[in-house]
Each structure stands twice: as C-alpha cells, then as structure tokens.
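Structure record follows, encoded as structure tokens.
Just so you know, these numbers use all the heavy atoms, side chains as well, and skip hydrogens, waters and symmetry mates. For clarity, every value in this text was computed on a predicted model and none was experimentally measured. Sequence lines set the chain letters: A, B, ... in the order given, protein chains first and strands last, and positions in each chain run from 1.
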Amino acid sequence: MYALVDGNNFYVSCERVFRPSLEGRPVVVLSNNDGCAIARSNEAKALGIKMGVPWFKIRHLEEQASLVALSANFTLYADMSDRMMSLAAGLGPEQEIYSIDESFIGLHGVRGDLVDRARKIRARIYQWVGIPCGIGIGQTKTLAKLANHIAKTAERKPGSYPTDLAQVCNLAALPASDLDVVLSATEVGEVWGVGPRIGKQLRDAGICTVLDLVHMPPHVARDRWGVVMERTVRELQGEACIGLQGSPEPKQQIACTRSFGRPVTELRHLEEAVSEFASRAAEKLRRQRHLAGQILVFARTSPFREGPRFSRSIVVPLRRPTSVTSDLAGAALDGLRAIYRPGFQMAKAGVMLLDLVSADHVQGELALEEEPAGLRDRDRLMAAMDMVNERFGKRTLLLASSDIEQGQGTWGMKQVRRTPRYTTSWAEMPLARA
DNA sequence: TCTGGGGTCCTAGGACCC
DNA sequence: TCTGGGGTCCTAGGACCC
C-alpha cells in the first residue's frame, strides 16, 4: 500500500505563506526569464490559465482580473519542500521524494485507519509549514497517484466526486461499485504515464475513462504501446510493478541550460554563459561524487521567432574523466567555438555532462606517460572552491571566463517579480515589526 | 517585444561479432 | 533467381514525468 503526498499548487502556496494577501486571488508563478506560467492558484486555473502558457499571452489578465504574477523563487521553494517532506515522512516507514512537491510513502505495516492518519499528517503540514496538501492512497503507486488527483479535484471542484474523498482519498477502502463510479468519472489522460500522445490514441480506440483502461488486458497494452503501458495497466489493476525508491540514485546525466534574458549575438557573451553553465554543472557533479567522461554543449536561436535559424550541439570527449571545473569549462568552450557561427540571435545555450562514473571507482591508467603534475592538487582546489562558495555564496570564487563582462548582464535571466528568500537569507527574512 | 529547466526509460536500427 | 542465425553494443529519437 502506498500514499502520495502532494502540495497543492506548490509554488503558489509557498508564496502565500509569506504573503497571506495573495489568498483567494488568482496567482501564477513564472518560469525562468518570466517566460511561462509554471504554477497556478485555483483562482488562476478558474480563469482558464493553462500550465506552461507564455506570460505575454495572459498578461492582460493582470488588469482585467487582478492576476498576480511572481518570478520563480526556487531557493524558497526548495527550503519549504524540505520542511514539508520531513513531516510527510511521518505517514509511514518509507519515503521516496519524487519531486519538489511530491513524495510517495510506503505504508507497509502501518496499522489503524489510514485515512484518519493521513488527515492528521495533512493538518500538521498545514499548521507547521503552511502548505495545503492532497493525499492519495492506493495499492500501487499509480493508484496512489490517481487517488491524489481525486483528492485534490474533489476539493477544488465540488460535485466532481463524493465530498468525503476531498483532501484525502483512499481508493483501496472504496467498495467495488463506488470505485467503478469514481474511475468512470476520471479521464484516462489523468493516469500517471498517459501523456497527450498516448491519451489521444486511447481515446481514438474508445478508451476514454480510467475504468475503460482498467479493463484492458495487459497483453493488449503491451502489443500496442509497449512495456511501460503494460506496467501502467497492471498497476491500475492493483498489481504493484513500480517499487519505492528510498535513496535517490545518482544522476546519469547532469544538465545546466538557460534561455537568455535577451538575444545574444557575440561569441564572447556566449562563452561567458557556457563557462558559467559548465561551472554550475561541475558543482552538481562533485556533489554526487562523480566524474564526467564527455560534455555536450549546444546553442540555438529561438524556435518561436522569425529570422535565420541556428541550432547545433557537439559532444566533446574529455581526456580522462574529470570533475574539475576548468577542464569541463575548457572542453565546453572548445566545443562552443567549433559550432559557433556569427550572425545569429542566440536565445539559449547549455551544457550536459555525460558518461558519468563514480569518483570512487575510476578506471586506472596504464603509465604510458607521466601523470600530469598536480592532478590531485586540482581536486583539493575544487573542494576548497566548493567550501568557499557554500559558505560565502554562489560565485564568490569563479572562473575568469565566467565573468568576462563582469556582471554586465548581457545574457542573464529576467526576473522582475522575484520575492525575497524569506527562509534562507538573513538579509531577506521577513520583519514582524520594522 | 514576450514561449522553462531537468530528468528517465524504452525502442528501433545500424555496426559489428562469430 | 539465388544471400544464415544469433547475439551485443551504441545512438538517436520518442514519450513521459514534474
């Protein structure tokens, strides 16, 4: 048995904790560069604002409907997430943190009334952290996900489901006839693993509700859509195929990519950006104690704008696996210079670290040549740099190539509406009294 | 004027092996 | 006209997730 605990409209809820005046108002949180809406309050959803819609298309609602838009404040959300997760963990013996606002809880061995227990955890999270949650319970992770969707929808849209399923929904406790009613009232596209593409194919085949999908024989799902879909169907039928993943696996690739605040035309500005991206990616790499064997770098123009198009990438092999910032940035810059062509308005660039291996299990080398001097010194230098940046803030120590323009902001993000980092910065802590 | 970022898994097809 | 069988590894691309 599994539960899924999921913060409602998570980013918006985080903002509301510190600005209660946003309660009851339509609010959206915008992606980097204030590009599109990535979180919406219920009121914003009621205005018809879709997930991922570009800000310029809904901007008129600022005046017409008192819509409030905020720049994403990921530092704040990550800290609020930690607080929420530690309380959610109290629901059962095992926890898998699935995303910034969701965690699965393994309920094995938990006795007593699960719904009652879940309601108490939910109340505690709301009281101690200020985030409203939905909790779904089911025999499999896919069913817990579905139950969570029903719990949140029952609360947000009265009449869509029985009111006692609001906020906390245990599908496993429902009598079979009631379960069928609920499943037939839920669109197939709401199922975890059914995206836009497969959703359409299912509907074209006459499978429109979750109940329809539950009745599909697994081999049919496999023949037409593959093993992933078969697993989804089996999970819906109550057969657990996806286990809980306690401690997170190390990443197999690490990316750092950004859209620019304005078009970038000059190579040296691109170089500064790519050097910075490589530095950030290298930090993540060292945090998980891995080395990269290759680095990919790309740059492209906007796919949405008229004008000459450019989109190229290149994979640069490293001489030996490394996590040293200057090695990675150097290789990325070599790659960038190889693919760069003048005369384009670049809108985005990035790097990806590939072929990651654990730093503790590095393949030895035949001593065909002398080991370069100072190989270990550079690792110690990186450790020192990470410590300094951890203690005194990002970019306290950085590569010169990441700061060619010395903060002139030739490519940086637009973030006009960012709120303070209330919980992680002394200087931005809210004051009760001035 | 203005359109995010970071991941995972699976499959098909090509290269190559004996 | 006619061209085996069985296998591995790698890569690119598609679909999905939040």
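Distances from the side chain of A:Trp192 to the nucleotides B:dG5, B:dC2, C:dC17 place C:dC17 closest. Distance from the side chain of A:Pro54 is smallest for B:dT3 among the nucleotides C:dC18, B:dT3, B:dG5. When distances run from any side-chain atom of A:Asn32 to the nucleotides C:dC18, B:dG5, B:dG6, the shortest one goes to B:dG5. With B:dT8, B:dT3, B:dG6 as the candidates, the nucleotide lying closest to the side chain of A:Gln252 is B:dT8. Checking C:dC18, B:dT3, B:dG7 against the side-chain heavy atoms of A:Phe56 singles out B:dT3 as nearest. Listed nucleotides: B:dG7, B:dG6, C:dC18. Nearest to the side chain of A:Lys251: B:dG7.
A straight line from CD of A:Glu230 to P of C:dC16 spans 17 Å, rounded to a whole angstrom. Whole-Å rounding puts the A:Phe298 CZ to B:dG6 C1' distance at 11 Å. Here B:dG7 presents its C1' atom at 11 Å from CD1 of A:Ile254, a figure rounded to the nearest Å. In this structure, CE of A:Met84 is placed 13 Å from C1' of C:dC18, rounded to the nearest angstrom. Summarising the geometry, the separation between CD on A:Gln253 and P on B:dT8 is reported as 6 Å, rounded to the nearest angstrom. If you take CE of A:Met229 and P of B:dT11, they are 14 Å apart, rounded to a whole angstrom. Here C:dC17 presents its C1' atom at 12 Å from CG of A:Asp101, a figure rounded to the nearest Å. Taking atom CG of A:Asp6 as the reference point, atom P of C:dC18 lies 9 Å away to the nearest angstrom.
OP1 or OP2 of B:dC10 lies within a sub-4.0 Å distance of a side-chain N or O belonging to A:Arg231. In this model, the phosphate group of B:dT1 is not approached by any side-chain N or O of A:Lys57 to a distance below 4.0 Å at OP1 or OP2. Distances shown here put a side-chain N or O of A:Arg258 below 4.0 Å from the OP1 or OP2 atom of B:dG6. For the pair A:Gln201 and C:dA15, the criterion of a side-chain N or O lying under 4.0 Å from OP1 or OP2 is not met. At B:dT3, none of the side-chain N or O atoms of A:Ser31 fall inside 4.0 Å of OP1 or OP2 (strictly under the cut-off). The shortest distance between the side-chain N/O atoms of A:Lys348 and the OP1/OP2 oxygens of B:dG5 is below 4.0 Å. The phosphate of B:dG4 has neither OP1 nor OP2 within less than 4.0 Å of any side-chain N or O from A:Thr257.
No engagement by A:Asn33 is indicated, since no non-hydrogen atom pair under 4.0 Å with the nucleic acid exists. Backbone-only contact: A:Val227 has heavy atoms under 4.0 Å from sugar-phosphate atoms and none from a base. Residue contacts for A:Ile198: at a heavy-atom cut-off of 4.0 Å it reaches the sugar-phosphate backbone alone, with no base atom in range. Residue contacts for A:Val191: at a heavy-atom cut-off of 4.0 Å it reaches the sugar-phosphate backbone alone, with no base atom in range. At the heavy-atom level, A:Pro196 lies under 4.0 Å from the strands shown only through sugar-phosphate atoms.
Pair assignment for C:dG13 gives B:dC10, based on Watson-Crick or G-U wobble hydrogen-bonding distances that are each under 3.5 Å.
Judged purely by distance below 3.5 Å, without hydrogens or angles, the side chains of A:Asn33 and A:Ser259 never pair a donor atom with an acceptor atom. Under 3.5 Å, the side chains of A:Thr419 and A:Glu15 contain a donor-acceptor pair of N or O atoms. No hydrogens or angles considered: a donor-acceptor pair under 3.5 Å links the side chains of A:Thr325 and A:Arg286.
Taking for each of A:Val228 and A:Phe260 the nucleotide of DNA chain B with the nearest heavy atom, the 5'-most of the two is the partner of A:Phe260. Two residues, A:Glu249 and A:Phe74, neighbour DNA chain B, and the one matched to the more 5' nucleotide by heavy-atom proximity is A:Phe74.
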When you look at A:Glu283 and A:Arg280, which way does the salt bridge (Lys or Arg N to Asp or Glu O under 4.0 Å) test go after all the steps? CA-CA 5 Å; A:Glu283 282 174 8; A:Arg280 275 289 135 75; 3.6 Å; yes
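Side-chain N or O atoms of A:Arg122 include none that pairs as donor or acceptor with a backbone N or O of A:Ile135 at under 3.5 Å.
The aromatic rings of A:Phe18 and A:Tyr422 sit parallel, their planes meeting at an angle under 30°, below the 60° perpendicular limit. Between A:Phe10 and A:Tyr77, the angle of the ring planes goes over 60°, which puts this pair in the perpendicular group of the 30/60° scheme.
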